[in-house]
Amino acid sequence: MRAGPSQEEIRRHNLGVLLRHVHLGGPTSRAELTTRMGLNRSTIMALTADLTAAGLVREELPRETGRAGRPSLVVRPESARVYVLAFDIGVDRLVAARVGLGGVILDRREAIRRRGPLVLDEVTAQLGSFARQILKKTRSDTICVGVGVSFSGGVRSGDGMVRYAPNMGADDTPLGEALAERLALGVPVAVGNDANLGALAEQARGVGVGCRDLIYLHGDVGIGGGIIAGGQLLGGRDGYGGEVGHMVVNSGGRPCGCGARGCLEAEVGERALLEAAGRFGRQVGRDAVRAVVDAADRGDVVAQDALARVGDWLGLGVANLVKIFNPEMVIFGGMLREIYLGAAAQVRSRVATDVMPASREGLRLRTPVLGDDTTLVGAAELAFAQVLADPLDTLARVGA
């Protein structure tokens with residue numbers, strides 16, 4: 001018979017749970033933590049004392065109480081002291097940020113990425129340069145507890161190996177290993193698919209807070225999906241789950257970069273919209289997509305027809321996902337935000353006609369609260385995962 005968890009294991013678990021509450025919820029009173037965690041006041045006091053001694057949180061009197069009697073101390077994350085580095089590698093841009101505990105973006109760098117095959121040395125050199133610039137401005141008493149990377153492609157969950165990225169020209173590329181070597185910070189470098197991280201970010205800090213079943217669709221030339229079911233990300237055996245962009249919606253349709261035809265990505269992606277609007281080759285990226293949506297708003301018939309066609313295929317894809325996963329919410333991020341806002345009628349019509357009433361009952365279609373930073377925030381949360389799981393052990397290893 002397996003013995004139950006030891007007192008030390010329970011303590012470490014509770015430290016992580018308390019730190020997560022403060023990290024995601026912001027300054028929280030001891031009294032509220034007692035209620036949320038179902039622990040007594042003395043246990044909460046001991047846990048906060050441990051986290052304070054480790055430099056992860058601080059306690060202070062509330063600014064305003066509005067109540068008589070002795071106020072409950074407020075526990076705040078040490079955002080200025082404990083941080084991660086977050087990187088977002090997209091088709092058109094590279095972003096780096098220093099993100100403090102609590103999710104505060106403390107510093108940020110961004111550069112345009114020239115489209116074309118991913119050259120590992122060039123990308124890691126640029127991100128390494130960003131990191132050096134950021135770290136030069138960081139106080140000596142601060143501590144980096146991890147590095148998180150969002151990447152537009154299929155990433156193996158175990159080691160950060162990019163297995164495929166049709167829109168980035170990368171296959172079997174050891175991104176995590178190469179970036180860890182370039183940064184030489186002695187902390188873990190975790191790499192995740194951008195749509196998966198977008199789903200986690202919007203659930204943790206965005207429009208999906210409190211939602212246990214959601215689908216996040218991310219457009220960045222192609223289309224990816226992050227699926228959260230029962231509060232857990234569906235990554236699959238090796239982390240390649242959620243590749244909804246390569247779900248075939250139009251048999252024999254447009255060719256896709258993956259080698260198939262009629263994938264959702266091929267029928268709804270940037271190129272499909274721009275070609276339908278007669279604008280392919282003039283401009284690329286989100287500005288080009290926004291230009292089509294703006295033109296449709298101004299009455300451009302060609303742009304309206306293009307948006308309606310793409311919106312109908314998007315609606316079909318969403319309808320299929322709703323039938324399979326029965327989510328509470330579908331979120332449209334990246335360039336899909338603009339496409340959805342311009343073609344919401346087509347998307348909603350498809351869902352209404354193709355999905356059984358019981359499956360779409362209560363379904364909410366939304367755009368991200370975190371905007372263009374959704375995947376970057378997801379990368380930061382990925383980097384914070386270890387310190388939130390075992391705060392004291394992570395600090396001890398990083399310190400060593």
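Numbers here are sequence positions counted from 1. These values consider heavy atoms only, across backbone and side chains, with no hydrogens, waters or symmetry-generated copies.
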(request) Report the C-alpha distance between Tyr216 and Arg366 in whole Å, list the side-chain angles of each, state the deciding distance to 0.1 Å, and finish with yes or no for side chain to side chain donor-acceptor pair (under 3.5 Å). (result) CA-CA 9 Å; Tyr216 172 80; Arg366 296 290 187 267; over 6 Å; no

(message) What's the separation between atom CZ in Arg76 and atom OG1 in Thr48, rounded to the nearest 0.5 Å?
(response) 14.5 Å

(request) State, with a plain yes or no, whether a side-chain heavy atom of Leu120 is found less than 4.5 Å away from one of Leu175. (result) yes

Which donor-acceptor pairs under 3.5 Å do side chains of residues 25-32 form with protein atoms, sequence neighbours excluded?
from: Thr28; atom 1: OG1; to: Gly26; atom 2: O; distance (Å): 2.7
from: Ser29; atom 1: OG; to: Glu32; atom 2: N; distance (Å): 3.0
from: Arg30; atom 1: NE; to: Glu59; atom 2: OE2; distance (Å): 2.6
from: Arg30; atom 1: NH2; to: Glu59; atom 2: OE1; distance (Å): 3.3
from: Arg30; atom 1: NH2; to: Glu59; atom 2: OE2; distance (Å): 3.0
from: Glu32; atom 1: OE2; to: Arg36; atom 2: NE; distance (Å): 3.3
from: Glu32; atom 1: OE2; to: Arg36; atom 2: NH2; distance (Å): 2.5

(message) Check for me, please, whether Leu183 and Phe151 land in the same ILVMFWY cluster - side-chain distances under 4.5 Å, paths through other members count.
(response) yes

(request) Give me the one residue out of Thr367, Leu214, Thr374, Val209 that meets side chain to side chain contact (heavy atoms under 4.5 Å, CB included) with Glu202. (result) Thr374

(request) Answer yes when Arg11 and Glu8 have at least one side-chain N-carboxylate O distance shorter than 4.0 Å, and no when they do not. (result) yes

(message) Do the side chains of Arg139 and Asp141 get close enough for a salt bridge, i.e. N-O under 4.0 angstrom?
(response) yes

(message) Between Asp287 and Arg290, does any NZ, NE, NH1 or NH2 come within less than 4.0 Å of an OD or OE carboxylate oxygen?
(response) yes

(request) Mind checking the CD-CE spacing from Glu267 to Met247? Nearest 0.5 Å is all I need. (result) 11.5 Å

(request) Using atom types as modelled and distance alone, determine if a side-chain donor or acceptor of Arg156 lies under 3.5 Å from a backbone N or O of Met161. (result) no

(message) Please report the interatomic distance NE2(His218) to CG(Asn196), rounded to the nearest 0.5 Å.
(response) 11.5 Å

(message) Here's a test for you: under side chain to side chain contact (heavy atoms under 4.5 Å, CB included), which of Val84, Thr138, Val104, Ile105 qualifies with Arg98?
(response) Thr138

(message) I'd like to know if the side chain of Glu177 and the backbone of Asp159 have a donor-acceptor N/O pair within less than 3.5 Å.
(response) no

(request) State the CD1-CE distance between Ile228 and Met329, to the nearest 0.5 angstrom. (result) 11.0 Å

